[in-house]
Amino acid sequence: MREMSLAAARRTALAAQGFGSTRTVAAPNRARVMKVLDRTQLLQIDSVSAVVRAHYAPVFARIGKYDRTLLDEAAWTDTSRKPRRLVEYWAHEAALIPVEDWPLMRWRMRRYEHGRWAGMRRVVERNPTLGRDILDVITEAGACSAGDVERHLEIERPRRNGSWWSHSDTKVICEQLFAAGELSVHTRVGFTRHYDRADRVLPPDVFAREIAEPDAVRELVRKAAVSLGVATEADLRDYYRLAGGQTAPAIADLIEAGALEQISVRGWEQPAYLATGSRTPRKLEGAALLCPFDPVVFFRARTERLFDFHYRIEIYTPEAKRVHGYYVFPFLLDGELVGRVDLRADRAAGRLSVPGAFAEPGRGPEVVDALAGALREMADWLELDDLVVGERGDLATDLASAVAAG
């Protein structure tokens, strides 16, 4: 069995994710945005907007400043000149995936036919006809938000406390129909989903395509392997939230087909799998800020194993108990995770705030200039004029000086 060093595994993994390529001077266009999806296969969606919505950030990390409407158009508009390229579904959590990958999820849609979780199933059970009513409204009226559906059905929504878990029954059943593949997301207004029948969102040939579960899972594992470069079974399983019973036979089939090679990575206890055609550069150069939902870091066990970088999102941790901050971006420099920054975009004030900046063990002031440059690039991308560094963290003082010096 071939052995790979940990450093080589890191370079392989980052190259597979699209890092290390030379950035062009010209502003990125739609084709370059979609090339990021060729690498990552998916972009996780999350409601937190402390800096920027999560699906936008991985594209910026790989190609730099780009027009976010390019991604919006690829996901939420569909014209003869610019057909829809991405569609929403439950891949690695809520995610944007290529339109042609939607049939690979039919087995999951069948499992979600009566709801993704117990609370959703209870809502479906106590509203046995509401799903059909919702479909009738959308069939007649076209794409609707859950609120639009309630107005059509003259349902008075009860007062709620505003928490994310307090959705109305109508919204919950819209989500159930989305999970079951009967509805898809036609567009978003703000961050609100506007649902339409899946057969009207997807091209007819894509909607009609049926793929047996073993074949679909095998293709999902192959896609995960290509996106990860080198991975353990747990890594491959996590990428599309598969089960161990699904991935084991898929991996065996892919090895037999020559799409995967079993190897060992020095320091890893579990076997690793190298995707055929994966590139291992001699070195990687460049800096990038990775949002908490970037595919490089969204599986925390892999992040720690690959980079020796212990990372936890602290959004739900009480402020007094947070170690690094509310919404922390790891900082990637020349193929290593060398630090992390807590970030906040104050759009009203035109300011990107850095409440905390922290170096990894063994790192220090030598990373500051690159970090300051990456933060200035992000502020420019977000059209924020000011970059303000706070006082928390061992890099804060030097970073504030570097930012002030321009």
Side-chain angles (χ1 to χ4, degrees), residues 16-19 21 23-102 105 143 145 178 184-196 198 201-203 206 223 226-227 239-240 286 288-298 327 329 332 343 345 347 352 374 377-384:
Q17 280 285 313
F19 289 98
S21 301
R23 291 184 181 180
T24 61
V25 176
N29 56 16
R30 180 181 171 110
R32 288 196 61 209
V33 170
M34 293 308 301
K35 280 186 177 180
V36 173
L37 269 294
D38 290 342
R39 296 289 193 173
T40 66
Q41 303 295 328
L42 53 82
L43 294 172
Q44 188 172 341
I45 299 171
D46 189 80
S47 61
V48 176
S49 58
V51 179
V52 66
R53 299 285 185 190
H55 54 286
Y56 296 119
V59 180
F60 167 73
R62 287 154 180 79
I63 65 175
K65 293 184 288 185
Y66 74 102
D67 183 348
R68 279 169 282 168
T69 61
L70 294 170
L71 187 56
D72 292 341
E73 290 173 353
W76 296 301
T77 64
D78 188 28
T79 66
S80 57
R81 190 170 69 88
K82 291 184 177 180
R84 187 188 309 276
R85 298 291 302 278
L86 302 171
V87 67
E88 294 188 40
Y89 193 64
W90 292 102
H92 182 94
E93 302 300 326
L96 291 169
I97 60 174
V99 164
E100 58 270 18
D101 286 358
W102 189 85
M105 302 296 178
S145 68
F178 167 75
S184 189
V185 179
H186 174 268
T187 192
R188 283 184 183 253
V189 179
F191 199 63
T192 300
R193 279 174 167 166
H194 284 237
Y195 306 91
D196 201 352
V201 173
L202 295 152
V206 172
K223 282 176 169 287
V226 170
S227 290
Y239 210 76
Y240 288 99
L289 292 161
L290 306 180
C291 85
F293 303 101
D294 192 291
V296 171
V297 297
F298 63 28
Y327 203 66
F329 282 58
L332 178 69
L343 297 181
R347 293 166 182 83
L352 180 62
E377 184 186 30
M378 174 173 277
D380 291 346
W381 173 55
L382 297 176
E383 299 180 316
L384 301 172

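- Legend: side-chain hydrogen bond (donor to acceptor under 3.5 Å, both in side chains) pairs involving residues 31-46, not counting sequence neighbours, sorted by first then second residue: Thr24-Arg32, Gln41-Lys223.
- A search for side chain to side chain contact (heavy atoms under 4.5 Å, CB included) contacts involving Ala61 returns Phe19, Ala288, Leu290, Asp294, not counting sequence neighbours.
- Taking all atoms of both residues into account, the shortest heavy-atom contact from His55 to Pro58 is O-CD, 3.7 Å.
- A 4.5 Å side-chain heavy-atom check between Cys291 and Val51 finds every atom pair outside the cut-off.
- For Tyr239, the side chain to side chain donor-acceptor pair (under 3.5 Å) partners at least two apart in sequence or on another chain are Gln17.
- Applying the ring-ring contact (aromatic ring centres under 6.0 Å, His included) test to every pair with at least one member in residues 26-48, sequence neighbours left out, gives no pairs at all.
- Residues that satisfy the side chain to side chain contact (heavy atoms under 4.5 Å, CB included) test with Ala75, not counting sequence neighbours, are Leu86, Leu96.
- Residue pairs meeting the salt bridge (Lys or Arg N to Asp or Glu O under 4.0 Å) criterion with at least one member in residues 66-76, sequence neighbours excluded, are Glu73-Lys82.
- Atoms CG and CE, from Leu289 and Met378 in turn, are 5.0 Å apart once rounded to the nearest 0.5 Å.
- The shortest side-chain heavy-atom distance between Phe60 and Glu377 falls under the 4.5 Å cut-off.
- Side-chain N or O atoms of Tyr66 include one that pairs as donor or acceptor with a backbone N or O of Tyr56 at under 3.5 Å.
- Between Arg84 and Val206, the closest side-chain pair of non-hydrogen atoms is not below 4.5 Å.
- Side-chain contact between Leu332 and Val296 is absent, with no heavy atoms from C-beta onward closer than 4.5 Å.
- When side chains are defined from C-beta on, Leu43 counts as touching Leu71, because their heavy atoms get closer than 4.5 Å.
- Residues Lys65 and Pro28 share a closest heavy-atom pair of O-CD, 3.2 Å.
- Looking at residues two or more places apart in sequence or on another chain, you find no side chain to side chain donor-acceptor pair (under 3.5 Å) involving Glu100.
- Shown here for Leu42 and Ala91, the closest heavy-atom pair between the two residues is CD2-CB, 4.1 Å.
- With a 4.5 Å cut-off on side-chain heavy atoms, Pro292 and Phe298 do not count as touching.
- Partners of Pro83 according to the side chain to side chain contact (heavy atoms under 4.5 Å, CB included) rule, which considers only residues two or more places apart in sequence or in another chain, are Asp78.
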Show your reasoning for whether side-chain contact (heavy atoms from CB on, under 4.5 Å) applies to Val201 and Val185. CA-CA 7 Å; Val201 173; Val185 179; over 6 Å; no
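- The two atoms that bring Pro203 and Val99 nearest to each other are CD-CG1, 3.6 Å, heavy atoms only.
- Residues meeting the side chain to side chain donor-acceptor pair (under 3.5 Å) test with Thr187, sequence neighbours left out: none.
- Every residue two or more places apart in sequence or in another chain was checked for a ring pair (Phe, Tyr, Trp, His ring centres under 6.0 Å) with Tyr195, and none qualifies.
- Judged as a side chain to side chain contact (heavy atoms under 4.5 Å, CB included), and not counting sequence neighbours, the contacts of Thr192 are Ser145, His194.
- Taking the six-membered ring where the residue is Trp, Phe178 and Tyr89 present tilted rings, their angle falling between 30° and 60°.
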Run the side-chain contact (heavy atoms from CB on, under 4.5 Å) check on Ile45 and Phe191 step by step: do they pass? CA-CA 10 Å; Ile45 299 171; Phe191 199 63; 3.5 Å; yes
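- Scanning for side chain to side chain donor-acceptor pair (under 3.5 Å) contacts around Trp76 gives Glu88, with sequence neighbours left out.
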